[in-house]
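One structure below.
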Number of protein chains: 6
Amino acid sequence: MKISARNVLKGKVVSVEKGATTAHVKIEIASGQVVTSAITNEAVDSLGLTVGGDAYAVIKSSDVMIAVD
Amino acid sequence: MKISARNVLKGKVVSVEKGATTAHVKIEIASGQVVTSAITNEAVDSLGLTVGGDAYAVIKSSDVMIAVD
Amino acid sequence: MKISARNVLKGKVVSVEKGATTAHVKIEIASGQVVTSAITNEAVDSLGLTVGGDAYAVIKSSDVMIAVD
Amino acid sequence: MKISARNVLKGKVVSVEKGATTAHVKIEIASGQVVTSAITNEAVDSLGLTVGGDAYAVIKSSDVMIAVD
Amino acid sequence: MKISARNVLKGKVVSVEKGATTAHVKIEIASGQVVTSAITNEAVDSLGLTVGGDAYAVIKSSDVMIAVD
Amino acid sequence: MKISARNVLKGKVVSVEKGATTAHVKIEIASGQVVTSAITNEAVDSLGLTVGGDAYAVIKSSDVMIAVD
């Protein structure tokens, strides 16, 4: 599957924390650069996400803001 | 200002393309890893974004999906 | 690629309208039920979207609201 | 109330699962086509959502991605 | 129609700027407090939005971030 | 830090409710006008959010819908 989302960042799962319905998954996409994702517990199970596994952080461009100092 | 968004990725602006109302800004957050953002033209002007400048890509965790091969 | 987004609705592209930077793509996911998507022109080109082609509308659960009459 | 969101898909509630703060609600919008929504528990109560009730899945166009095989 | 989005802020339209496909609409929700919205041109026409008219800014809770100084 | 999000609404925190992973924070941005935000518990801790404190609700324009009666 090829997706319209312009941001597909390859990395490794460094943590998976399930809540009651919402899970937080962290992916290291570059040395020391970790991206946090909030997805459904159901998705964690469906994708079989576990610490150490390969995964992508996928982000639609309209969800990316820019900031400057 | 400190923000609740868990993802604040430092980088350099590599392109700014203004449309009629919506602009696309690309930021290189690691060697070869570019993030695309769609923001208002107004924000581009307000932040004074130009190619080569330092900037952050800011993304709320609930806007980050995960994918696996 | 398998994605965490819980909503992957199969359909056919019924229109593609490019703007200056943002395109609107409509997909018929069931008889008479059309979903409108706003994506980058760049994504339209990258995916080679054309009227009549098969495609999926992909939506993260946290972006779906519920309404009642 | 008439809303700017271009996607208002009529269906029936097929499940409501409350978490600690976030609920997952599933709506069948066509035979066999189910949409998953993550909303606040507070919204579930405010709308009186129960299995079998009529409801709409409402999605802003800028939150719809497109994918192809 | 009653919606799950927890934020429905009443105000008056103070500007409507159409782009090629995306429009920017500004609503004053309190004295001096203006909210900017990016929606489709199609939605502007469908809702008949004009300067001076009553309107609501509607925002899903999961799209609201918090910041502190 | 200066952000591209066009909506930065100053107010006071009126409630903080932590869930298993997701917290709901309410901010009064004008007399009687309260905005609800769903953010990670981690962000609540990181920002040190407590009832009565000053805070901003930050919203990207593309996440604001418009409705009319």
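Here is how names work: the chains are called A, B, and so on, in the same order as the sequence lines, proteins then strands, and each is numbered from 1.
The choice from A/Lys2, A/Arg6, A/Met1 that makes the most heavy-atom pairs within less than 4.5 Å of chain C is A/Arg6. Highest contact tally toward chain A, considering only C/Val44, C/Ile39, C/Leu49, is held by C/Ile39 [criterion: heavy-atom pairs under 4.5 Å]. Comparing C/Ser61, C/Ser46, C/Ser37, C/Ala5 by heavy-atom pairs within less than 4.5 Å of chain A, the highest count is held by C/Ser46. Each of C/Val25, C/Ile3, C/Val8, C/Thr22 has some count of heavy-atom pairs under 4.5 Å with chain A, and the biggest count is that of C/Ile3.
Under the 4.0 Å criterion applied to side-chain N and carboxylate O atoms, A/Asp54 and A/Lys12 are assigned as salt-bridge partners.
Across all their heavy atoms, C/Ala55 and C/Val13 have their closest contact at CB-CG2, 3.8 Å. C/Asn41 approaches C/Gly19 most closely through the heavy-atom pair ND2-O, 3.0 Å. Taking each heavy atom of A/Ala43 and C/Ser4 in turn, the nearest pair found is CB-O, 3.4 Å. Among all heavy-atom pairs drawn from C/Lys60 and A/Ala38, the shortest one is NZ-O, 2.7 Å.
Heavy atoms closer than 4.5 Å to chain A are found nowhere in C/Ser62, neither backbone nor side chain.
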